[in-house]
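Down below is the structure, laid out as C-alpha cells.
Remember, predicted model here, so these are calculated numbers, not experimental data. For ligands, and for the atoms within them, numbers begin at 1 and follow the listed sequence. When a residue number appears, it is its place in the shown sequence, counting from 1.
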Amino acid sequence: MEKIIDENKQGDSLVLNQNKDNQRKLYIESYGCQMNFSDSEIVASILAKEGFNTTQQMEEADLVLVNTCSIREKAEQTVRKRLEHFNAVKRINPKMKVGVLGCMAERLKSKFLEEEKIVDMVVGPDAYKDLPNLVAEVDEGRDAVNVILSKEETYGDVAPVRLNSNGVSAFVSITRGCDNMCTFCVVPFTRGRERSRDPQSIIEEINDLWERGFREVTLLGQNVDSYLWYGGGLKKDFDKASDMQKATAVNFAGLLDMAATAQPKMRFRFSTSNPQDMTLDVIEAMAKHDNICKYIHLPVQSGSDRILKAMNRLHTRQEYFELIDNIKRIIPDCAISQDMIAGFPTETEEDHQDTLSLMEYVKYDFGFMFAYSERPGTMAARKMDDDVPEDVKKRRLTEIINMQQKHSLYRTQQHIGKVEEVLIEGPSKKSDAHWMGRNTQNTVVVFPKENYKVGEFVNVRIDECTSATLIGEAVGYSDNN
Ligand code: SAH
Ligand code: F3S
C-alpha cells in the first residue's frame, strides 16, 4: 500500500500525493505552454512510483528535470542558461543527474548529450512512460535518450501529481500533438500527430479533482476544437473508422457538454482554439452551460489575408470576423484573446496595418504578442527568408502591444459597476489583505479578504480597474457554492 500525504505544503503551494516512503528527490522546472506544465505533473506521477518525491530546492535534488519549450529561439536560450546554472550546482554535487524533457529534447535529440555535457537524459514528450527505464540507465552511469513520438500516447491512464497547485484550478489535457502545420510553428515536429484522449478518462480525472476540492479545470490541447474521440487512433485516420465508431464519436462540443454536465458546479475553461477548427456547436455548448467560462483564446497571428495564407492558417480575415461575430451574437459577454506574430517573412507595412485594423475590430480582452522567430525545420524556415529587419519587427510588435494595452483597458472598464462571480484562487500578489480570483471572462479580480476562503465562489462588485486587473468588494457568496 502506498502511503499518501494528501497535502504537503511546499512554499506557498500544495503538492498533492507525496509518498512518505519515497527516498529520492525530484526537482522539476517547466517552461513554455500550459501543456508543458501539465506534462510535468504526469512526469512527477510516473516518477513518484519510482521512489521520487518532488522538492522545490534544486540543490537537494537527486534528479533535476527541465521541461523545455522550442517555440521561439528565446525560449531555448532561457533553458540553456538554466542548464548552465544546473551545471554549476552539479560540480559541487556530482551525484545530481540532469534530464531535458519536452520540445527541445525532441528537436535536438541526442545532440544534447554531445553539445551539453551536463545533460544525462533526453526525453521527448511522448516517452515519459519510459522514464523508469531511462532513470535506471542513468543510475548505472549511462546517458539515456528516448525521443520516439507516438501515435497513441495520451497518458490517459496516468493520474497527474498536482505540482505548484493552488488546490483550486487544474489542467486536464485532452489532446496531444497538432496536425495543423502552421508554417512558422515547431510544435507539429516536437509533439507529433494529433490524437485525442478517451473522454471517460477525462471525466474520471475531472470527478477526482472535484472530490479533492478543485473548482476549475482548464481542458488543454494545442488545438482543442479539433478534439475527436472515436475509440482510439489519430485524428487524420477518422475516415477509416467503422460506422459504429463514427456513430459514437465524441467531438469537442460533446466533450464540453459531458464535462459541464458531470460536474455542474465545476468551472470549465479550455485552451487553445484554432479559428479554422472552432465550430458553432462549441459556442452553443458554452452558451448552454453557465459553468463553461465565457472566454475563448482565439489566436489569429495576423490580420492580413496574404500572411495568413503564407502561415498556412486555413481561414481568411473575413471568416475570422464572421467567427467573432457569431461568438458575440451567441455569447455577448464572451471575452476573446489573441496570439499575434509581428514580422513574419514578407510582411509589409500594409499587412501590419491589416493586423492593427483587425485588432481594432475585435478589441481583444487580452493578448500574447511575439516577434517572429525562425524555427529550424519549419516550412517557413525552409521556404522563406526571415526578411523583416529586427528593428522593424520590434517596432511593429510595440505598436501591436500598445494597441492591445488600449483595448485591454477598454475591456476592463466595461466591468465597472457590475457584480461578477469570482472564484478565489489565493492571496493577491500585491496585498496580503486581498484575495485574487478570476471572473468568467478570465480577468483577474482583487478584493478585500473579509471571511471568504480560497476555493469559494464570491460575488464581487467591480469598482475600479487597470488594464489587467479589476478591483472591487465582495457582496456575498454566489449561488454556485
Ligand atoms: N496551438 C498552440 C500554439 C502554441 S504556440 C497553443 O496551444 O496555444 C503559441 C503561440 O506562439 C502561437 O499562437 C504563436 O503566436 C506563437 N508562435 C509560434 N511559433 C512562433 C514563431 N516561430 N515565432 C514567433 N511566435 C511564434
Ligand atoms: Fe502550432 Fe498552428 Fe498547431 S500554431 S501548435 S501548428 S495550430
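Note on ligand 1: C178 sits outside its first shell, no heavy atom being nearer than 4.0 Å.
Remark: ligand 2 atoms within the under-4.0 Å shell around heavy atoms of R313 are 2 (Fe), 4 (S). Counting the atoms of ligand 1 from 1 in the order shown, those under 4.0 Å from a heavy atom of R375 are 22 (N). Of all atoms in ligand 1, numbered sequentially from 1 with element shown, those under 4.0 Å from a heavy atom of G221 are 7 (O).
Residue I71 touches ligand 1 through backbone and side chain together, judged by heavy-atom distances below 4.0 Å. Residue R72 touches ligand 1 through its side chain alone, judged by heavy-atom distances below 4.0 Å. Contact annotation for A371 and ligand 1: only backbone heavy atoms (N, CA, C, O) come within less than 4.0 Å of the ligand. Only the side chain of Q301 comes within 4.0 Å of ligand 1, counting heavy atoms alone; its backbone N, CA, C and O stay farther away. Within the 4.0 Å heavy-atom criterion, both parts of F184, backbone and side chain, lie near ligand 1.
Atom CE of M58 sits in a crowded spot, with more than 12 heavy atoms from other residues, nucleotides or ligands closer than 6.0 Å. Under a cut-off of 6.0 angstrom, the local environment of NZ in K129 is crowded, with over 12 non-hydrogen atoms contributed by other residues, nucleotides or ligands. In D290, the CG atom is not crowded: 12 or fewer heavy atoms of neighbouring residues, nucleotides or ligands sit closer than 6.0 Å. Environment of NZ in K109: crowded, with over 12 heavy atoms of neighbouring residues, nucleotides or ligands closer than 6.0 Å.
Of all protein heavy atoms, the one closest to atom 3 (Fe) of ligand 2 is C178 SG, 2.3 Å. For atom 23 (N) of ligand 1, the closest non-hydrogen atom on the protein side is S373 N, 3.0 Å. Scanning all protein heavy atoms for the shortest distance to atom 6 (S) of ligand 2 gives C182 N, 3.5 Å. The single protein non-hydrogen atom nearest to atom 1 (Fe) of ligand 2 is C185 SG, 2.3 Å, given as residue, atom name and distance. Closest to atom 7 (S) of ligand 2, if we only count protein heavy atoms, is N274 ND2, 3.3 Å.
Remark: ligand 1 and H297 share no N or O pair separated by less than 3.5 Å (distance only, no angle test). Where the criterion is an N or O separation shorter than 3.5 Å, residue side chain and backbone included, D339 meets it with respect to ligand 1.
A donor-acceptor pair is defined here as one N or O able to donate and one able to accept, closer than 3.5 Å; no such pair exists between the side chain of R306 and the backbone of D351. N439 contributes no side-chain N or O that, together with a main-chain N or O of V422, makes up a donor-acceptor pair within less than 3.5 Å. Under a 3.5 Å cut-off, the side chain of D339 and the backbone N or O of P299 do not form any donor-acceptor pair.
For H297 and F368, the distance between ring centers is under 6.0 angstrom.
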